[in-house]
There are 2 protein chains.
Amino acid sequence: MTSRRVLTGSKQVSLEVIKRLSSYLRDLKTLENNGVTVVSSGSLAELLGISSVQFRKDLSYFGPFGKKGVGYNVCTLTAKLTELLGAGDCMGFALAGAGKLGSAIIQYSSLQRFNIKIMAAFDSDRRKIGKKIDGLVVADAKDMETTVRTMGLKIGVICVPAKAAQQVAERMASAGIIAVLNFAPTEIKILKKVHVSNVDICVEIEALSYFVRQSAT
Amino acid sequence: MTSRRVLTGSKQVSLEVIKRLSSYLRDLKTLENNGVTVVSSGSLAELLGISSVQFRKDLSYFGPFGKKGVGYNVCTLTAKLTELLGAGDCMGFALAGAGKLGSAIIQYSSLQRFNIKIMAAFDSDRRKIGKKIDGLVVADAKDMETTVRTMGLKIGVICVPAKAAQQVAERMASAGIIAVLNFAPTEIKILKKVHVSNVDICVEIEALSYFVRQSAT
DNA sequence: TAGATTGTTAATCGATTAACAATC
DNA sequence: TAGATTGTTAATCGATTAACAATC
């Protein structure tokens, strides 16, 4: 994995760090709901299955948030991480491919808690166009560029078959999308300035089955 | 991410390498279908969006497969990688949580091409139990241990809500599951010998939105 | 042969972790 | 104060990449 960096003030932080911060925020919210007011890096790290140093190191890219000898105020840290990740403002995204997986993501309720909202879904299949999924009408793929541009969407989620993925990604990029989450089992080659995250469920399971076969020896 | 290693003969190969090998195999199959007989690391790497050295290095953990000055025979390499990953034999898995995402995975046709097959699906929701999804009947979650053990399943996919994930994972592990793909937005703490891969769609998109906000400056 | 391309060693780069001073 | 825990520097570890000999 070529690790991509992101400029933060003068610092460059890897996307791995950002993902971890996002998961810290996720768990902090749970703690907050459970009425926990103060937490140490040690106990939170245990909850997250990482080391406490990694937690503190990750935070250190953005400033000191804790109190030595005490730990972290859950509310304060939650607020800081929310601000830092920009998770307080709603972020819309466009989705291409309203098949099984696409529909599941459209209806994925957890996204709401992350202030992430599906704004438009597209498909080229006549049978899917016009279909209403969770209140959202699937639009014709040929209108994608116009809609994405008009709505000013910056994030695209690709759930189309592998052979259509590259073209869809290019069209998204041309319409102003600068970050893509690709579920299609294929690599996408696109302008450097567009960030692509790949999730290939088949590859994930195949890697696990290699692990299983190894263990069988 | 703590990078997990897997023993291969005397060599230890990271799971990242295995995932890449899986994606190499995926693209080699496409080339094979397109009638390509020989390919160089350079052109394949370009297709994959990685460097040619990385491709050759990854292969080198398992032996020399190419011909110097020429490249790789597509059929031969496909066969070798298939054998190496054990991708020729069908690998079954169990799925917990037959909601939207779970159903999408049950019906995910690409898995077949990877010789990966859903063998049993479970849910604790009375409305879902007995439901037939793509020919598979959703079973009662309380029968999970027995069925998993009887069928000898080793891979589990978790699509239940976050708060149920930990318990489901533990029950899977107790029934003999040794590799888990977790889609629930929470960490799973489990026996060391069980490998857990996490895919948190919310975290993925939140990280992308951080990237988008950074670019806006 | 000359050109191309592999396989591998050594160098580099980045991420994780150990160690510890600072301080609540 | 003594104990706990943070924040950070330095050391370690691992992964990627550069360089190049081997050879088709």
Side-chain angles (χ1 to χ4, degrees), chain A residues 1-21 23-24 28 31 36-74 76-77 80-81 84 207, chain B residues 1-21 23-24 28 31 36-74 76-77 80-81 84 207:
Chain A
M1 191 186 338
T2 319
S3 110
R4 182 174 286 256
R5 304 230 136 41
V6 166
L7 219 60
T8 313
S10 60
K11 285 159 274 168
Q12 286 204 316
V13 178
S14 79
L15 221 48
E16 285 306 308
V17 172
I18 300 299
K19 283 192 198 176
R20 283 200 298 267
L21 290 175
S23 71
Y24 301 162
L28 281 163
L31 288 180
V36 179
T37 55
V38 174
V39 71
S40 72
S41 63
S43 52
L44 190 56
E46 204 189 331
L47 206 67
L48 286 150
I50 58 162
S51 75
S52 66
V53 202
Q54 181 149 71
F55 175 77
R56 297 201 303 279
K57 177 75 174 177
D58 286 345
L59 290 186
S60 78
Y61 292 113
F62 298 91
F65 298 113
K67 195 174 267 187
K68 294 182 185 189
V70 181
Y72 301 85
N73 180 293
V74 176
T76 311
L77 187 55
K80 290 282 184 185
L81 282 182
L84 195 149
Chain B
M1 194 183 338
T2 318
S3 109
R4 181 175 285 256
R5 305 231 134 41
V6 165
L7 218 60
T8 312
S10 60
K11 285 158 274 170
Q12 286 205 317
V13 178
S14 79
L15 220 48
E16 286 305 308
V17 172
I18 300 300
K19 282 192 198 177
R20 283 200 298 268
L21 289 176
S23 70
Y24 301 162
L28 280 163
L31 286 181
V36 180
T37 54
V38 174
V39 72
S40 70
S41 62
S43 52
L44 190 55
E46 204 188 330
L47 207 68
L48 286 150
I50 58 162
S51 74
S52 67
V53 203
Q54 181 149 71
F55 174 78
R56 296 201 304 278
K57 177 76 174 177
D58 286 344
L59 289 185
S60 78
Y61 292 113
F62 298 91
F65 299 113
K67 194 172 271 186
K68 295 184 184 187
V70 181
Y72 301 85
N73 180 294
V74 175
T76 312
L77 187 54
K80 290 283 185 186
L81 282 182
L84 194 148

When rounded to the nearest 0.5 angstrom, what is the spacing between [atom1] in [X] and [atom2] in [Y]?
X       : Y       : atom1 : atom2 : result
A:Lys57 : A:Leu59 : NZ    : CG    : 12.0 Å
B:Ser40 : B:Phe55 : OG    : CZ    : 9.0 Å
A:Asp58 : A:Glu16 : CG    : CD    : 10.0 Å

Decide yes or no on side chain to side chain contact (heavy atoms under 4.5 Å, CB included) for A:Leu84 and A:Tyr61, but give the supporting numbers first.
CA-CA 11 Å; A:Leu84 195 149; A:Tyr61 292 113; over 6 Å; no
I need the [atom1]-[atom2] distance between [X] and [N], as an integer number of Å.
X       : N      : atom1 : atom2 : answer
A:Asn73 : D:dT6  : CG    : C1'   : 15 Å
A:Leu59 : C:dT17 : CG    : P     : 16 Å
B:Lys80 : C:dG7  : NZ    : P     : 12 Å
B:Tyr24 : C:dT6  : OH    : P     : 13 Å
B:Lys67 : D:dT23 : NZ    : P     : 14 Å
B:Leu15 : D:dG14 : CG    : P     : 15 Å
B:Asp58 : D:dG14 : CG    : P     : 17 Å
B:Ile50 : D:dA18 : CD1   : P     : 14 Å

Residue pair A:Ser51/B:Phe65 against DNA chain C: nearer the 5' end by closest nucleotide is B:Phe65
Give a yes/no on whether any side-chain N or O of [X] is located under 4.0 angstrom from OP1 or OP2 of [N].
X       : N      : answer
B:Ser41 : C:dT6  : yes
A:Arg56 : C:dA22 : no
B:Tyr72 : C:dG7  : yes

Against the side chain of B:Lys68, the closest entry in C:dT6, C:dT17, D:dT5 is C:dT6
The nucleotide from C:dT8, C:dT17, D:dT23 with an atom nearest the side chain of A:Val53 is C:dT17
Q.
Let's go through A:Leu21 and A:Val13 carefully: what are the C-alpha distance in whole Å and the side-chain angles of both, what is the deciding distance for side chain to side chain contact (heavy atoms under 4.5 Å, CB included) to 0.1 Å, and is it a yes or a no?
A. CA-CA 11 Å; A:Leu21 290 175; A:Val13 178; 5.7 Å; no
Of A:Gly69 and A:Lys57, the one whose nearest nucleotide on DNA chain D sits closer to the 5' end is A:Gly69
Closest heavy-atom pair, B:Val74 versus B:Leu28, reported as atoms and distance to 0.1 Å, is CG1-O, 3.7 Å
Paired runs of 3 or more consecutive Watson-Crick or G-U pairs involving DNA chain D, with both pairing distances under 3.5 Å, are C:3-24 with D:3-24
Check your understanding: What do the steps show when you test A:Leu31 against A:Tyr72 for side chain to side chain contact (heavy atoms under 4.5 Å, CB included), and what is the final call?
Key -> CA-CA 12 Å; A:Leu31 288 180; A:Tyr72 301 85; over 6 Å; no
